[in-house]
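Worth saying up front: this structure is predicted, and the values here are computed from it rather than measured. Atoms considered below: every heavy atom in the structure, side chains included; atoms not considered: hydrogens, waters and symmetry mates. In this chain, numbering begins with 1 at the start of the sequence shown.
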Amino acid sequence: MSIEHPYIDDIPAYAIGALDRDSRIALEAHMPGCPTCQAELASFRAVSETLLKAIPPVRPPLSLRRQLQNRLPANLVTKQAWWSWSLPQVGMAALIFLLLLLNISSFFQFQNLRSIQAKQSRQLETDRVALAMLAYPETKTVPIHADGLAGTILLDKERSAAVILAWDLPALPSEQSYQIWLIDPQGGRTSAGVFAANAGSAFTSIEVQVTGSLAKYVGLGVTVEPAGGSPQPTGARVFKVDF
């Protein structure tokens, strides 16, 4: 290498295409303004062409050609079976799967907890209303008499409030529910909500959902209906009381 021709030592590798990218770019930028390097490159290229022509061409065997064709990317089918995973990959996959299962389980537990909390909140509100009605002197109590069932209905027509207090109300299958009906003087029935018996307790309290004024009704009944309720009574009567 000389000061005037700093890239002249790279010319032999450049002539046969073996020079790295950065050195090739620098040499090509230097070459147009340096006749000496141009001549050096021309001489090496002449030598390379002479050496190539000195070797007689040999036709490769057909088997070698087929082997090379089979190695082309277009002819390769890359399939990675699960059993070819490394041990760390298998461990990571198992950990991700376990975390997924834990997240799903936590989600359903959280939903179930929210459902239980909502039910307990509604029950506490019903009990609070019942206590308030019992403390109010104008509250009317109507006894419930039915086969295997006893209880009381708390009525406050002025405030359109009513609460059912029942003992020994049997639990229903999941596809059924109890439905409350308010009865008008013409015998028409208006739904006042659906409910289930308190699980694990012989006592059930439920607030009646009154639409409008309670004074326009003369009675109340409860029937067994499909889960979610019916537009009109279709199932067996549990009890009926007159106000």
Interatomic distance, OG1@Thr139 vs CG@Asp156, rounded to 0.5 Å, equals 5.0 Å
Taking side chain as C-beta onward, heavy atoms only, is Ile144 less than 4.5 Å from Ile164? yes
Before you tell me yes or no, could you show the steps for Thr211 and Thr190 under side chain to side chain contact (heavy atoms under 4.5 Å, CB included), namely the whole-Å CA-CA distance, both residues' side-chain angles and the distance that decides it to 0.1 Å? CA-CA 9 Å; Thr211 301; Thr190 300; 5.6 Å; no
If hydrophobic clusters are built by linking Ile, Leu, Val, Met, Phe, Trp and Tyr wherever their side-chain heavy atoms come under 4.5 Å apart, do Leu165 and Trp167 end up in the same one? yes
Pair Leu220, Ile183 - check side chain to side chain contact (heavy atoms under 4.5 Å, CB included), show working. CA-CA 6 Å; Leu220 180 149; Ile183 306 170; 5.8 Å; no
Would you give the length of the straight line joining atom CZ of Arg159 to atom OG of Ser213, rounded to the nearest 0.5 angstrom? 13.0 Å
Of all the heavy-atom pairs spanning Ala197 and Pro170, show the shortest one and how long it is. CB-O, 3.8 Å
Donor-acceptor pairs are to be reported for all side-chain atoms of residues 11-24 against protein atoms at under 3.5 Å, with residues two or more places apart or in another chain.
residue : atom : partner : partner atom : Å
Tyr14   : OH   : Glu28   : OE2          : 2.8
Asp20   : OD1  : Asp22   : N            : 3.3
Asp20   : OD1  : Ser23   : N            : 3.0
Asp20   : OD1  : Ser23   : OG           : 3.2
Asp20   : OD2  : Ser23   : OG           : 3.1

What distance separates Glu40 CD from Asp10 CG, expressed to the nearest 0.5 Å? 11.5 Å
Minimum heavy-atom distance between Leu214 and Ala162, given as atom pair plus value: CD2-CB, 4.3 Å
In the single-linkage hydrophobic clustering (I, L, V, M, F, W, Y; side-chain heavy atoms under 4.5 Å), do Val218 and Val208 co-cluster? no
So how far is it from Ser105 OG to Phe110 CZ, rounded to the nearest 0.5 Å? 13.5 Å
Could you walk me through whether Leu154 and Thr141 pass the side chain to side chain contact (heavy atoms under 4.5 Å, CB included) test, one step at a time? CA-CA 5 Å; Leu154 304 179; Thr141 60; 3.6 Å; yes
Return the minimal non-hydrogen interatomic distance between Ser191 and Gln179, and the atom names on each side. OG-NE2, 2.9 Å
Nearest-0.5 Å distance that lies between atom NZ in Lys157 and atom OG in Ser160: 10.0 Å
Verify whether one side chain among Trp181 and Thr223 offers a donor that lies under 3.5 Å from an acceptor in the other. yes
What's the spacing between Ile180 CD1 and Ile153 CD1 if we round to 0.5 Å? 8.5 Å
Could you check whether any side-chain heavy atom of Gln176 comes within less than 4.5 Å of a side-chain heavy atom of Pro226, counting everything from C-beta outward? no
Considering all heavy atoms, the nearest Gly33-Gln38 contact: N-NE2, 4.3 Å
Donor-acceptor pairs are to be reported for all side-chain atoms of residues 232-243 against protein atoms at under 3.5 Å, with residues two or more places apart or in another chain.
residue : atom : partner : partner atom : Å
Gln232  : NE2  : Arg189  : O            : 3.3
Thr234  : OG1  : Glu225  : OE1          : 2.3
Lys240  : NZ   : Asp242  : OD1          : 2.9

Are the side chain of Thr204 and the backbone of Asn198 linked by a donor-acceptor contact shorter than 3.5 Å? yes
Can you list the steps and then say if Ile96 with Leu100 is a side chain to side chain contact (heavy atoms under 4.5 Å, CB included)? CA-CA 6 Å; Ile96 293 173; Leu100 180 62; 5.5 Å; no
Partner residues of Tyr178 under the ring pair (Phe, Tyr, Trp, His ring centres under 6.0 Å) criterion, sequence neighbours left out: Phe195
Got a donor-acceptor contact below 3.5 angstrom from the Glu175 side chain to the Ala227 backbone? no
